[in-house]
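Worksheet for the structure shown next.
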Amino acid sequence: MNLFSQFSAWFEQHPVAGEFVVGGVILTAGVAGYFIFRKLVIVLIRKAAERTRTTFDNHLLEGRVFNRLSWIIPVLLFNGFSFLMPSSGEIISRLMQIAMVGIVVWTISSILSAVNRFYETLEVSRERPIKGYLQIINLIVYLFGSIIIIGLIINQPPWALLSGIGAMTAILLLVFKDTILSFVAGIQITSYNLLHVGDWIEMPEYGVDGDVIDIALHTVRVQNWDKTITVIPT
């Protein structure tokens, strides 16, 4: 009888202990894969980024996009081998799927932040800021991620939940009223070139008298002549 057959026989006799052993092996492999990716793959990516002309990959590294993505290795391993743990495999698989959605949403959010930082290095960003648009995309990503996670928790397909959103339109419009109004205001500011980063503005009602340093979805940040920062809601 070979080693695998012996382990299979022992596993059948001691299922609980066997699942702990299998879980420990998968956890060890996942942690090893995580650290290999962090210590080897990311180092290679960093060296390759230093040789490229574009700075976008540098912003991805600074935003720790690949560090966040590395968490998916142990999650994929646990999800892929959950069938080896019959009594808890279904629960583990569900939890790992939720974790995967969270990691993907987390990673996309950091990519959007890197896109904004890269865009802000371009001259066109002074005339056409895109931070507000990226924040809207980020909000949509988190919304869909939340819907998928809720679907996994209650064991319902995401499209079944999405079909019910039509009945909640009025509530969603009420909840996101300020965000929608800010988005419309941001489009008007960008379309009509009303305000740019670096412009000097004065608004006594807000105690504002200085340079615009940031235009976001909900706010405009101004550095006053005395170096204080004032946030104006849009």
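Model, not experiment: these values are computed from the prediction.
Between T230 and R221, the closest side-chain pair of non-hydrogen atoms is not below 4.5 Å. A 4.5 Å side-chain heavy-atom check between L112 and I137 finds at least one atom pair inside the cut-off. Side chains of R94 and N155 form a contact here, defined as non-hydrogen atoms less than 4.5 Å apart. Contact of the T107 side chain with the I111 side chain is registered, since non-hydrogen atoms from C-beta on lie closer than 4.5 Å. At a threshold of 4.5 Å between non-hydrogen side-chain atoms, the residues D211 and D199 do not count as touching. Looking at H59 and T121, their side chains come closer than 4.5 Å, going by heavy atoms from C-beta outward.
In summary, the side chains of N58 and E62 do not present any donor paired with an acceptor at a separation below 3.5 Å, with no hydrogens or angles considered. Between D209 and W200, the side chains place a donor N or O and an acceptor N or O closer than 3.5 Å (distance only, hydrogens not considered).
Nearest approach of N79 to S93, heavy atoms of both residues: OD1-OG, 2.9 Å. The shortest heavy-atom contact between R68 and S110 is NH1-CB, 3.2 Å. The two residues K227 and Q223 have their closest heavy-atom pair at CD-NE2, 3.6 Å. When all heavy atoms of G210 and V222 are compared, the pair lying nearest together is C-CG1, 3.6 Å. Shortest non-hydrogen contact noted between G145 and V105 is CA-CG2, 3.9 Å.
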(Q) What verdict does the side-chain contact (heavy atoms from CB on, under 4.5 Å) test give for V25 and F81, after you've listed the backbone C-alpha separation in whole Å, the side-chain angles of each residue and the deciding distance to 0.1 Å? (A) CA-CA 10 Å; V25 172; F81 291 97; over 6 Å; no
Q | V231 vs V220, side-chain contact (heavy atoms from CB on, under 4.5 Å): CA-CA, chis, key distance, verdict | A | CA-CA 6 Å; V231 179; V220 174; over 6 Å; no
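A distance of 9.0 Å separates OG of S70 from CZ of R64, quoted to the nearest 0.5 Å. The CG atom of L95 sits 9.0 Å away from the CD1 atom of I153 when rounded to the nearest 0.5 Å. The CD1 atom of I92 lies 7.5 Å from the CD1 atom of I26; values are rounded to the nearest 0.5 Å. Note: I72 CD1 to I103 CD1 = 5.5 Å, rounded to the nearest 0.5 Å. Atom CD1 of I108 sits about 12.0 Å away from atom CD1 of I140, to the nearest 0.5 Å.
Using a distance-only test at 3.5 Å, with no hydrogens or angles considered, no donor-acceptor pair links the side chain of N224 to the main chain of D226.
With sequence neighbours excluded, the residues satisfying ring-ring contact (aromatic ring centres under 6.0 Å, His included) with F118 are F56.
There is no path of hydrophobic side-chain contacts, each under 4.5 Å, that joins W225 to I201. In this structure, I213 is not a member of the same hydrophobic cluster as M203, with clusters built from ILVMFWY side-chain heavy atoms closer than 4.5 Å. With hydrophobic clusters built from ILVMFWY side chains whose heavy atoms lie under 4.5 angstrom apart, L27 shares a cluster with L77. Cluster annotation: V65 is connected to L134 through the hydrophobic network of ILVMFWY side chains, with a link wherever side-chain heavy atoms come within less than 4.5 Å. Using a 4.5 Å cut-off between side-chain heavy atoms of Ile, Leu, Val, Met, Phe, Trp and Tyr, with links allowed through other members, F78 and L76 fall into the same hydrophobic cluster.
Residue-environment remark: CD1 (I229) exceeds the threshold of 12 foreign heavy atoms within 6.0 Å. Around atom CZ of F35, no more than 12 heavy atoms belonging to other residues, nucleotides or ligands sit under 6.0 Å away. At most 12 heavy atoms of other shown residues, nucleotides or ligands fall within 6.0 angstrom of atom CD in E123.
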Under 3.5 Å donor-acceptor pairs involving side-chain atoms of residues 38-45, not counting sequence neighbours:
unit_1	atom_1	unit_2	atom_2	d
R38	NH1	Y34	OH	2.3

